[in-house]
Structures are given as structure tokens and as C-alpha cells.
Amino acid sequence: MERYSKILSKRKREILLLRGKGCVYKKCPFCDYHLDSCPDENANYTLNQEVLRQVTGEFGDLEVINSGSVFELDSLTLDLIRTVCREKQISTIHFESHYLYRAQIPALRQYFQEFDLKMKLGLETFDGDFREHILRKGIPDREPEVISREFDEANFLFGLRGQTVLTMERDITLGLTYFERICINLMCENTSAMQPDQTVISDFLEKLYPKYYEDGRIDILIKNTDFGVGD
């Protein structure tokens, strides 16, 4: 599995796929991402060391993802991320977190206080009913200003049965209002029970993609590759 890459479109950055103990939530019916995990912290740290050795710092911007939340990485890995970013003169770090960890984010910001820390939320949609009854995300709040309070960026998941051009564009509009950046992920087939709706995907590509693909604040992930973040 490739765990180091570079994103060269829009906001250039290095991106790492590290391994932790795994997502503690594991209730999202569309996700099999949590399978990339290991309960052995020493084994995880050994693997993460190898990945972090590849960081060059050439863009001054590093995105770190793992199968869950940054809070599920071991403490030695977090220490090493901070050390590598210091040594490579990286100024901006991006982490992902589930909403259930939101109260821990201020402490993480303090730990990485010498950097511009950007926290990304796997929100998927602002439609509270769809998000909680279909996607089962575990985000009880519904007001955008409350949801975004501890987060700088957000992921949205499009291409599912029940979504429309109107609901997807509403998510984009609200996302750009309440977050600095958003990432649109088009649902791809995986080992989960939920599968993509090709009609919804076609609607997005025909009616919304041409309108937003050049927006510098939006990453669009069309294919489920290891890293590349579309256009």
C-alpha cells in the first residue's frame, strides 16, 4: 500500500497515510477504511517512522490521514510528526477527526501550537436526517455554525441514492460558508454494504463539477485512489 504521495493541484502538499489502532466509531455503512489498522502500537510506530522519513517539506504543507481520527495515532507517532515538521520547516499541518473528539481538539492545537493546524471533519452532508439516519455519522448537532466550531475543513460524500443536485449544491454552498476548505468525495465501490448511485454521480459530474472544479477552496476526489485529490 502506498502511504506517501504529493498533491500537485490547487493547494500543493505532501500527504501521508499513517496507521493507528483504528476508528473507534466504525458505524458508517459506507466505509471500510477502518480495516487499515493494528492494535500493536509499536508495530504502528515502526511503520509510521518509515512513512515520515519520506517527508521533504518542499511545500511547507503536510496532510496526515489515517483510518479514523488523528487521536487514534500513538503518542510516539504524534511526537515524530511534530519533530519532522520542525526539521523540514513545515508550517501547515492537516489532520482529520471524528466529531466525537471535538472537545480534544483545543489540546491538540496547543500541542502543535507552533504550526498552523487545520482540522478536517468527515461531515459528509449538512442534511441532518440523511447524515444520521442513512449514513449514521454520529454528529448530533445540526446548526452549521455549531458543527464547524472546532474544524477548519470538511469532507463531503456525494453519489449516494437519495441525494440530488439541489442537496449537493446546498452542501457545497454551506461548506464554503462555514469552512476554509472542503473536499468532495464521490462514492466508489468498496467492501461496505453501501454502493454508489451512478445517476447521482452523473448528475454531479454534468451539472456541478463544471461549476466548481476550478474553485481553489474545493478538492474533488473523483476516483478512489490512494491519495490523489482530483482537480
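Electrostatic pairing of D36 and R3 counts as a salt bridge here, judged by a charged N lying under 4.0 Å from a carboxylate O. A salt bridge links E63 with R13; the closest basic N to acidic carboxylate O contact falls under 4.0 Å. A salt bridge does not link R109 to D116: none of the charged side-chain nitrogens sits closer than 4.0 Å to a carboxylate oxygen. Between R19 and D40 no salt bridge is recorded (no basic side-chain N to carboxylate O distance below 4.0 Å). A salt bridge is absent between E58 and K88: the closest approach of a Lys/Arg side-chain nitrogen to an acidic carboxylate oxygen does not fall below 4.0 angstrom. The existence of a salt bridge linking K137 and E132 is excluded, since no basic side-chain nitrogen approaches an acidic carboxylate oxygen closer than 4.0 Å. Under a 4.0 Å N-O distance rule, the pair K120/D152 does not qualify as a salt bridge.
Of the N and O atoms on the side chains of E96 and S69, not one donor lies less than 3.5 Å from an acceptor on the other residue. The closest side-chain donor-acceptor pair between E150 and Y101, if any, does not fall under 3.5 angstrom. Under the 3.5 Å distance criterion, with hydrogens and angles disregarded, a donor-acceptor pair is assigned to the side chains of N48 and T77. Checking R181 against H94 by side-chain atom types alone, no donor-acceptor pair falls below 3.5 Å.
Heavy atoms only, all atoms of each residue included: P210 and L205 are closest at CD-O, 3.2 Å. For the residue pair P196 and I201, the shortest heavy atom distance occurs at CB-CD1, 3.8 Å. Across every non-hydrogen atom of M119 and L108, the tightest pair is SD-CD2, 3.8 Å. Summarising the geometry of I139 relative to G122, their closest heavy-atom pair is CD1-O, 4.0 Å, with the distance given to 0.1 Å. Listed here is the closest heavy atom pair of F71 and S97: CE1-OG, 3.4 Å. Q163 approaches G159 most closely through the heavy-atom pair OE1-N, 2.9 Å.
No donor-acceptor pair under 3.5 Å is formed between the side chain of D61 and the backbone N or O of E14. With K26 contributing its side chain and C23 its backbone, the two residues share a donor-acceptor pair below 3.5 Å.
Within the 6.0 Å centre-distance limit, the rings of F156 and F126 are counted as a close aromatic pair.
Residues I90 and T92 have side chains not in contact (no heavy-atom distance under 4.5 Å, counting atoms from C-beta outward). Between E124 and D171 the shortest side-chain heavy-atom distance does not fall below 4.5 Å. The side-chain heavy atoms of S37 and S67, taken from C-beta on, include a pair separated by under 4.5 Å. Side-chain contact between L52 and Y4: absent, with no pair of heavy atoms (C-beta onward) separated by less than 4.5 Å. I182 has its side chain within reach of L176: a pair of non-hydrogen atoms, C-beta onward, lies under 4.5 Å apart. Side-chain contact between F95 and N66 is absent, with no heavy atoms from C-beta onward closer than 4.5 Å. Between D219 and N185, every side-chain heavy-atom pair lies at or beyond the 4.5 Å cut-off. R131 places a side-chain heavy atom less than 4.5 Å from the side chain of I147.
Taking OG1 from T167 and CZ from R170, the interatomic distance works out to 9.0 Å, rounded to the nearest 0.5 Å. One distance of note links CG of L174 with CD of E169; it measures 11.0 Å at 0.5 Å rounding. Interatomic distance, I81 CD1 to I93 CD1, rounded to the nearest 0.5 Å: 7.5 Å. To the nearest 0.5 Å, the span separating CG on L117 from OG on S91 amounts to 11.5 Å. A distance of 9.0 Å separates CG in L157 from OG1 in T125, rounded to the nearest 0.5 Å. To the nearest 0.5 Å, atoms NE2 (H98) and OH (Y25) are separated by 5.0 Å.
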Going through the checks in order, is the side-chain contact (heavy atoms from CB on, under 4.5 Å) test met by V70 and L78?
-> CA-CA 9 Å; V70 61; L78 288 176; 3.8 Å; yes
Walk me through it: do D129 and R142 pass the test salt bridge (Lys or Arg N to Asp or Glu O under 4.0 Å)?
-> CA-CA 9 Å; D129 289 336; R142 292 185 175 236; 2.8 Å; yes
Working for side-chain contact (heavy atoms from CB on, under 4.5 Å), residues E180 and K118 | CA-CA 9 Å; E180 295 177 14; K118 304 296 185 182; 2.8 Å; yes
Which is it for V51 and L17 under the side-chain contact (heavy atoms from CB on, under 4.5 Å) test, yes or no, and what are the steps along the way?
-> CA-CA 8 Å; V51 179; L17 175 59; over 6 Å; no
Candidate pair T164 and D203, rule side-chain contact (heavy atoms from CB on, under 4.5 Å), full reasoning = CA-CA 8 Å; T164 67; D203 284 344; over 6 Å; no
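Relative to the six-membered ring of F151, R102 misses at least one condition, a distance below 6.0 Å or an angle of at most 45° to the axis.
Under a hydrophobic-cluster definition in which Ile, Leu, Val, Met, Phe, Trp and Tyr are linked whenever side-chain heavy atoms come within less than 4.5 Å, directly or via other members, I15 and F59 are assigned to different clusters. Hydrophobic clustering places Y212 together with L123 (ILVMFWY residues linked when any side-chain heavy atoms are closer than 4.5 Å, directly or through intermediates). In the hydrophobic cluster analysis, where Ile, Leu, Val, Met, Phe, Trp and Tyr join through side-chain heavy atoms closer than 4.5 angstrom, V84 is grouped together with F112. Residues L8 and I65 do not share a hydrophobic cluster, clusters being chains of Ile/Leu/Val/Met/Phe/Trp/Tyr side chains in contact below 4.5 Å. Linking ILVMFWY residues whenever their side-chain heavy atoms come closer than 4.5 Å, directly or via other members, leaves M187 and V200 in distinct clusters.
Other residues, nucleotides and ligands contribute more than 12 heavy atoms inside 6.0 Å of the CD atom of E114.
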